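Predicted model only: the values in this text are computed from it and were never measured. What you see below is based on every heavy atom in this structure, not just the backbone, and it leaves out hydrogens, waters and symmetry mates.
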Number of protein chains: 2
Amino acid sequence: MSTSPRGQEAARTTTADRLRAFESPCDDCAIRETSVCEVLDPAQLARLRTITTVVRLDPHSTLFQEGEAAEHLSNVVEGAVKLYKLLPDGRRQITGFLFPGDFLGVALNKTYAYSAEAITKLRLCRFPRQRMENLLKELPNLEHRLLEMAGNELVAAQDQMLLLGRKTARERLASFLLMLARRARARGQPENPLPLPMSRADIADYLGLTIETVSRTFTQLRKDGTIALPEQTRVELVNRAKLEELAEGG
Amino acid sequence: MSTSPRGQEAARTTTADRLRAFESPCDDCAIRETSVCEVLDPAQLARLRTITTVVRLDPHSTLFQEGEAAEHLSNVVEGAVKLYKLLPDGRRQITGFLFPGDFLGVALNKTYAYSAEAITKLRLCRFPRQRMENLLKELPNLEHRLLEMAGNELVAAQDQMLLLGRKTARERLASFLLMLARRARARGQPENPLPLPMSRADIADYLGLTIETVSRTFTQLRKDGTIALPEQTRVELVNRAKLEELAEGG
DNA sequence: GTCGTGCGTTGACCTGAATCAACCGGGCCG
DNA sequence: CGGCCCGGTTGATTCAGGTCAACGCACGAC
């Protein structure tokens with residue numbers, strides 16, 4: 001809830017970063033096939049690489065804050081990010097979580113509409129926004145891909161509005177777990193048991209609930225036999241049909 | 001809340017429609033300067049016009065329903081539209097309202113992610129999705145404009161998540177009125193007193209509240225002297241500073 | 001080891017908004 | 001003209017989830 005200290009300065013780019021980008025070319029990038037990059041041919045990828053900086057960040061470091069001029073766009077390579085908006089009195093709404101392959105900044109706005117913070121250790125490919133926009137003029141397939149990704153984000157945003165406006169706590173948590181599982185599967189990661197890299201507070205602020213309600217609802221689903229919680233940061237989806245039913249308002 | 005009867009069949013395109021598109025060319029279109037079309041030069045506009053059908057719909061007619069194959073994209077020329085998602089048990093979340101100049105379907109998805117219904121009498125410019133997508137390949141500035149509009153929609157969606165997840169009823173209503181006023185001004189329409197073309201039920205389903213709570217909150221703001229309600233379908237923003245403060249969580 | 005700290009859970013109680021119900025007024029139809 | 005229907009308002013009551021408070025446990029510092 002409170003402002004987090006910057007674990008690492010996100011804006012600075014060292015020569016070492018640039019070298020790293022050079023050292024580890026996209027060829028053996030784990031997320032190439034699921035990220036923006038998938039539509040680029042080798043020559044185009046090389047073009048993109050010329051404006052790319054690989055950035056590593058520690059957990060809790062702030063990538064940027066709502067309202068700042070949008071200097072960079074990023075592609076998440078490894079780790080998890082949360083995006084959030086704050087009200088002046090500190091109330092917080094997390095508007096999204098990003099995982100490997102997700103793109104940060106499809107909107108291409110001039111200022112950031114939300115703050116972004118690393119949840120885990122992070123590896124990003126970062127692009128200066130202006131240079132990226134110039135590049136888009138030459139690579140229409142890249143622009144097309146961004147539009148496609150923006151469309152997917154819009155669909156997800158509408159689902160989230162339905163969740164926040166009309167679902168009960170149980171339904172919210174069920175929807176959340178299934179969404180995480182679906183996304184883990186999409187990037188070929190273990191989905192059951194499902195890792196929960198974010199804290200209960202993050203889950204609460206994403207679902208429009210309090211920490212206590214999230215905790216109680218986890219307990220309730222566990223007692224139901226719908227899920228199991230071998231550890232705090234891992235859920236086993238025991239009865240997935242039940243979860244699906246709950247998520248759709250059953 | 002219940003399924004509305006189709007006031008008029010939306011999918012059928014008559015020769016008269018096509019003629020109308022021809023008769024009333026874009027030159028004297030009131031919304032040309034604020035819609036997608038603003039980026040097109042006359043030759044490009046002519047290209048777009050070849051795939052355009054002007055459609056008129058009655059209030060309450062369904063444009064399409066969530067899950068259907070997305071056959072068309074539309075540009076709202078006149079009137080108001082609501083977009084919504086339903087849960088199987090009938091709970092409804094309105095995800096957006098569209099007014100003249102707004103574009104329906106920036107996401108370019110293959111199936112509609114929500115249902116759309118006319119609130120008032122409606123005039124639309126409608127484009128077959130597939131032909132539009134082909135055209136985008138030739139008109140990169142049009143595609144760029146769509147990406148820009150998608151970005152704006154994403155920002156609005158994130159604001160709405162903050163509203164639904166974290167604001168009180170008063171704050172929601174204040175935010176809603178200011179949003180409508182801002183948009184009315186942006187298209188050069190009267191913003192004070194502000195017309196409310198949608199019903200209390202629509203407002204409730206947009207704000208994640210019940211009809212009763214919306215009504216009570218209107219009354220409360222009226223008794224406060226923050227707004228006045230000369231008619232049910234019109235609000236006067238008496239104390240706009242107070243509204244702004246409320247909307248930001250004051 | 002033990003102390004402190006941060007995160008999560010649980011319990012008791014409270015409250016903002018939902019629910020249930022009555023009512024009001026305008027428009028439409030017979 | 002009267003009756004009815006529909007949208008909106010208002011009142012009484014309920015309840016899901018919030019708030020406040022205690023506690024447990026893992027982990028790191030020393």
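Protein atom CD of A:E171 is 12 Å distant from nucleotide atom P of D:dA16, rounded to whole Å. Between B:I211 atom CD1 and C:dA17 atom C1' the separation is 14 Å, expressed in whole Å. Remark: P of D:dA16 and NZ of A:K167 are 19 Å apart, rounded to the nearest angstrom. Distance CZ (B:R170) to C1' (C:dG16): 13 Å, rounded to an integer number of Å. A:Q220 has its CD atom 12 Å from the P atom of C:dT10, to the nearest Å. As rounded to whole Å, 16 Å separates atom P of D:dC6 from atom CD of B:Q232. To the nearest angstrom, P of C:dG8 lies 17 Å from CG of A:L221. Here D:dG7 presents its C1' atom at 12 Å from CG of B:D202, a figure rounded to the nearest Å.
Taking each heavy atom of A:A181 and A:L237 in turn, the nearest pair found is CB-CD1, 3.8 Å. Nearest heavy atom pair, residue A:E171 against residue A:T168, reads OE1-N, 2.9 Å.
The shortest distance between the side-chain N/O atoms of A:T213 and the OP1/OP2 oxygens of D:dA16 is not below 4.0 Å. Here B:T219 reaches the OP1 or OP2 of D:dT10: one of its side-chain N or O atoms lies under 4.0 Å away.
Side-chain N or O atoms of B:R166 include one that pairs as donor or acceptor with a backbone N or O of A:L209 at under 3.5 Å. In this structure, B:S215 contributes its side chain and B:I211 its backbone to no donor-acceptor pair below 3.5 Å. Of the possible polar contacts, none joining the B:Y206 side chain to the B:Y84 backbone as a donor-acceptor pair under 3.5 Å is found. With hydrogens and angles ignored, the 3.5 Å screen pairs no side-chain donor or acceptor of B:R170 with any backbone N or O of B:F218.
Taking every side-chain heavy atom of B:R222 into account, D:dT10 is the closest of D:dG17, D:dT10, C:dG8. Side chain of A:S215, nearest nucleotide from D:dG18, C:dT9, D:dG8: C:dT9.
To the nearest 0.5 Å, atom OG1 of residue B:T120 and atom CE of residue B:M198 are 9.5 Å apart.
The base of D:dC20 is paired with the side chain of A:E212 by a donor and an acceptor separated by under 3.5 Å.
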What protein N or O atoms touch nucleotides 12-15 of chain D N or O atoms at under 3.5 angstrom, if any, and at what distances?
{"from": "D:dA12", "atom 1": "N6", "to": "B:R216", "atom 2": "NH2", "distance (Å)": "3.4"}

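Looking at heavy-atom distances under 4.0 Å, B:S199 makes contact with sugar-phosphate atoms alone, never a base.
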